[in-house]
Undergrad: 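Before I ask anything, here is the structure I am working with.
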2 protein chains.
Amino acid sequence: MKLGRLNHVGVATPDIDAAIAFYRDTMGATDITEPFDMPEQGVRVAFVNTPGAGGNMDGTQVELIAPLGENSPIFGFIRKNPLGGQHHVAFEVPDIHAAHDWFTGRGKRVLGTIRTGAHGTPVFFVHPRDMNGMLTEIMETPRHD
Amino acid sequence: MKLGRLNHVGVATPDIDAAIAFYRDTMGATDITEPFDMPEQGVRVAFVNTPGAGGNMDGTQVELIAPLGENSPIFGFIRKNPLGGQHHVAFEVPDIHAAHDWFTGRGKRVLGTIRTGAHGTPVFFVHPRDMNGMLTEIMETPRHD
């Protein structure tokens, strides 16, 4: 496997509207998507777009995620980190099934199954204990339009 | 201020050689710099280069940092997170002094002073409590050759 693009940094927040206001007013973000619910994942999501090396807005995103309901997988994270914080990193791969075989073949624990991620492509998560302490999302590359 | 490029994600590790081997052998990184010591910061550093949206190796880096001595500012982080983990994020700005004025003018606590960062340009760090729980590095844009 070859290391893919760092698609996004997942940042958990207790209040997505406040986080959007922070990125807009304090960090100076000019391109933030409308937040949307992902009920099957238990999160509300918005993307903060950032410039890439060439100056286009195609850099690594900040993916803001807020808990949606008490069964949210990030409910515990927010309880432990009431201000929010860095939650996961997501790297792109060309083929999600080949990547799944790669990681499981190396004894890495995949959390749950392959599912559809916030970018509409299949993703899976690898246990932080097997990944140097970082919850790591592996996602099939979205089409860059 | 306008949001700049997400230059790198700072990842703390107890063992930089093991972390380099992990990124090379498990994550498939093909471009990792030689580690080097920054005694004045108390860290040993290596950069994992990643592809950007255009396919060049100009994406957001993973900055591996390991403690250098017991006075290292990340010694406590590693004690609390023995496997390592996400430590900070770093955004680029065109002018470090203007950015310093911007953040302090908004009541954000800057940790220490402006210093020379691992990329050779001036940087400062903003307190995670004032930044939605994320230790945030603000760095003057390195020259992209």
Side-chain angles (χ1 to χ4, degrees), chain A residues 1-9 11-15 18-19 22-32 48-56 58-62 64 78 81-89 91-93 102-103 106 108 126 128-136 144, chain B residues 1-9 11-15 18-19 22-32 48-56 58-62 64 78 81-89 91-93 102-103 106 108 126 128-136 144:
Chain A
M1 206 189 73
K2 202 170 155 187
L3 183 67
R5 183 169 169 267
L6 181 52
N7 180 279
H8 64 265
V9 177
V11 174
T13 173
D15 179 339
F22 169 82
Y23 274 92
R24 186 190 58 219
D25 301 337
T26 301
M27 297 302 291
T30 53
D31 183 0
I32 308 178
V48 180
N49 289 312
T50 72
N56 297 325
D58 58 5
T60 294
Q61 290 174 319
V62 175
L64 298 172
I78 294 295
N81 305 277
L83 297 171
Q86 293 184 68
H87 181 264
H88 68 271
V89 292
F91 289 99
E92 295 179 9
V93 294
W102 172 271
F103 284 101
R106 275 153 189 78
K108 305 297 181 189
V126 191
R129 288 205 170 272
D130 296 340
M131 302 295 278
N132 289 4
M134 284 210 296
L135 177 60
T136 304
H144 297 296
Chain B
M1 206 189 73
K2 202 170 155 188
L3 183 68
R5 184 167 168 268
L6 181 51
N7 181 278
H8 64 266
V9 177
V11 173
T13 173
D15 179 339
F22 168 82
Y23 275 91
R24 186 189 59 220
D25 301 336
T26 300
M27 296 303 291
T30 54
D31 184 359
I32 308 178
V48 180
N49 289 313
T50 71
N56 297 325
D58 58 5
T60 294
Q61 290 174 318
V62 175
L64 298 172
I78 294 295
N81 306 276
L83 298 170
Q86 294 184 67
H87 180 265
H88 67 272
V89 291
F91 289 98
E92 295 179 9
V93 294
W102 172 271
F103 284 101
R106 274 153 190 78
K108 305 298 181 187
V126 191
R129 288 204 169 271
D130 295 340
M131 301 295 276
N132 289 3
M134 286 209 295
L135 177 60
T136 305
H144 296 295

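Letters A, B, ... mirror the listed sequences (proteins, then strands); counts begin at 1.
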Undergrad: Search all heavy atoms of A:Asp25 against all heavy atoms of B:Arg106 and return the closest pair with its distance.
TA: O-NE, 4.3 Å
Undergrad: Name all residues meeting the salt bridge (charged side-chain N to carboxylate O under 4.0 Å, His left out) criterion together with B:Asp130; count only those two or more places apart in sequence or in a different chain, and write none if there are none.
TA: B:Arg109
Undergrad: Is it the backbone or the side chain of B:Thr26 that comes under 4.5 Å from a heavy atom of chain A, or both, or neither?
TA: both
Undergrad: To the nearest 0.5 Å, tell me how far A:Asn49 CG sits from B:Leu6 CG.
TA: 12.0 Å
Undergrad: Taking the side chain as every heavy atom from C-beta outward, state whether A:Val48 and B:Leu3 have any pair of such atoms under 4.5 Å apart.
TA: yes
Undergrad: Quick one: do A:Arg5 and B:Thr50 satisfy side-chain contact (heavy atoms from CB on, under 4.5 Å)? Show the steps, please.
TA: CA-CA 6 Å; A:Arg5 183 169 169 267; B:Thr50 71; over 6 Å; no
Undergrad: A:Arg129 versus chain B, heavy atoms under 4.5 Å apart: side chain, backbone, both or neither?
TA: both
Undergrad: Counting only heavy atoms closer than 4.5 Å, note whether B:Asn81 contacts chain A via side chain, backbone, both or neither.
TA: neither
Undergrad: So which residue, B:Pro51, B:Ala19, B:Ala18, ends up with the most heavy-atom pairs under 4.5 Å with chain A?
TA: B:Pro51
Undergrad: Is B:Asp15 in contact with chain A via its backbone, its side chain, both, or neither, using a 4.5 Å heavy-atom distance?
TA: neither
Undergrad: Just so I understand: if I count every heavy-atom pair under 4.5 Å between each of A:Gly4, A:Pro82, A:Pro128, A:Pro14 and chain B, which residue has the most?
TA: A:Gly4
Undergrad: Can you tell me how far apart CE (B:Met27) and NZ (A:Lys2) are? Round to the nearest 0.5 Å.
TA: 14.0 Å
Undergrad: Would you mind checking which part of B:Asn56 comes under 4.5 Å of any heavy atom in chain A, side chain (CB onward), backbone (N, CA, C, O), both or neither?
TA: neither
Undergrad: Using a cut-off of under 4.5 Å for heavy-atom pairs, which of B:Gly55, B:Ala12, B:Ala29 has the most such pairs with chain A?
TA: B:Ala29
Undergrad: What distance separates B:Gln86 CD from A:Thr136 OG1, expressed to the nearest 0.5 Å?
TA: 8.0 Å
Undergrad: Heavy-atom cut-off 4.5 Å, strictly under: side chain, backbone, both or neither for A:Thr60 against chain B?
TA: both
Undergrad: Given that the side chain runs from C-beta out, which part of B:Val93 has a heavy atom under 4.5 Å from chain A: side chain, backbone, both or neither?
TA: neither
